There are 2 protein chains.
Amino acid sequence: MTDSAKRDRGKRERLVAGAGDLVHRQGVLGVTLAQVAEAAHVPPGNVYYYFKTKDDLLRAVVEARIGEVRAMLHSFDAHADPSARLKALAGRWVEMHDLVARYGCPLGTLSEELGRRDDGLDREAAQLMGLILDWAEAQFRRMNTADPRECAVGLLAGVQGGALLAHALRDPALLADHVRRLQEWIDSLV
Amino acid sequence: MTDSAKRDRGKRERLVAGAGDLVHRQGVLGVTLAQVAEAAHVPPGNVYYYFKTKDDLLRAVVEARIGEVRAMLHSFDAHADPSARLKALAGRWVEMHDLVARYGCPLGTLSEELGRRDDGLDREAAQLMGLILDWAEAQFRRMNTADPRECAVGLLAGVQGGALLAHALRDPALLADHVRRLQEWIDSLV
DNA sequence: GTCTATACCGTGATAGAC
DNA sequence: GTCTATCACGGTATAGAC
């Protein structure tokens, strides 16, 4: 890789990371490309050198988030016990409960916003929830629980709903307490 | 009331209703005042005669939604049994599962979007979830369940999370199935 | 009291300078 | 190959015509 390509990559990554952050805090439509440029320490207007359109940048943000989700799920596979894996998944939202109470779940708010579209990006964003759901279903299946798919939906819906309520009421403790109840529920299934 | 005041009221109501609808489908920032005017059959630009700013109109939308929530909860009080009331609450989301799968829960998406703000409208919007939560808690308390507040959070989080997943995956059946599981859970507490 | 024409700004996007 | 000056558009909001 040439030096210039490396710099490109660095700036591209900074742009995507900054855009992802801003989108989380302000929503897709609330973010301007000028803000993204500033956050990534790139000259304003220069964003178009790396992304043809704003939607292009957005697509990169979604793809990066999907990558993060895959990495997260993969990291949970270190646990031998499927119930421990599921509890670790839920625990992720406890770890970021302050951030969630202020700006909502980074995955949930993005899914909600892009779910209204009809240009392909909605399908892309659906993977954010779809991947987690499929992974959780596989874990419940290993636990030999009845209706593993519905259990997976119950767990992720619980987490996402808890995040939404914690955000609406701006109450981090609500999320933490609710997730602990979900973790107890997982234990009760073993 | 004078005739002109009546007309005002009619237009005002049409503007608020149209704006509420558009906000649900496109999000707060995705709606333009021109669209609102068109939806309400009011001359474009004329919106400012009824509302000083866009935020003013938005506040009216939130207040109207709060009124709808109050009316909905009040209507459930017709059931003598608190568990029947709670199941009727959950049933509301089954009734509108197609709409929710397409555009998200009208209350949930609004709460998410306004929860990011910090100008008072976030507090206003918090009532959308707060009112339901308090009402549900009172019903669980009458059922003598342990931890009525946490049960209320569990129910509303379940519904909202189910709505979010149904929206993300654009799958109305997911919401209907999940809500039925929540209703069975309510029955199991009696 | 009701509505229209318009000002003004910030946005995404582009053409071309360096 | 990288960045800057600028455009055209669409948005909110206002001043003033009817």
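The sequence lines fix the lettering, A, B, ..., with proteins before strands; numbering per chain opens at 1. What you see is a predicted model; the values in this text were computed from it and never measured.
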* To do: Could you pull out all residues at least two apart from B/Asp134 that satisfy salt bridge (charged side-chain N to carboxylate O under 4.0 Å, His left out)?
  => B/Arg149
* Expressed in angstrom and rounded to an integer, what is the separation of B/Leu29 atom CG from D/dT12 atom P? -> 10 Å
* To do: Would you mind reading off the distance between B/Leu57 atom CG and D/dA13 atom P, rounded to a whole angstrom?
  => 10 Å
* To do: Could you state the atom-to-atom distance from NZ of B/Lys11 to P of C/dT2 in whole Å?
  => 8 Å
* Asked: In whole angstroms, how far is the C1' atom of D/dT12 from the CZ atom of B/Phe51?
  -> 16 Å
* Charged N to carboxylate O under 4.0 angstrom, A/Asp122 versus A/Arg116? -> no
Listing time: all N or O pairs from protein to nucleotides 9-12 of chain C that are below 3.5 Å?
from	atom 1	to	atom 2	distance (Å)
C/dG12	OP1	A/Lys54	NZ	3.4
C/dG12	OP2	A/Leu33	N	3.1

* Nearest-angstrom distance from the residue atom CG of B/Asn46 to C1' of D/dA15 -> 15 Å
* **B/Tyr49 OH to D/dT12 C1', straight-line distance once rounded to whole Å** => 20 Å
* Electrostatic pair B/Arg180-B/Glu184, nearest N-O below 4.0 angstrom -> no
* Structure fact -> Atom NZ of B/Lys52 and atom P of C/dT2 are separated, to the nearest Å, by 15 Å
* Residues A/Glu63 and A/Arg59 bridged, charged N to O under 4.0 Å -> no
* **Charged N-O contact under 4.0 Å between A/Arg65 and A/Glu68** => yes
* To do: Answer yes or no: is there an ion pair linking B/Glu95 with B/Arg92, defined by an N-O contact shorter than 4.0 Å?
  => yes
* Structure fact -> A/Leu15 atom CG is separated from D/dT2 atom P, nearest whole Å, by 13 Å
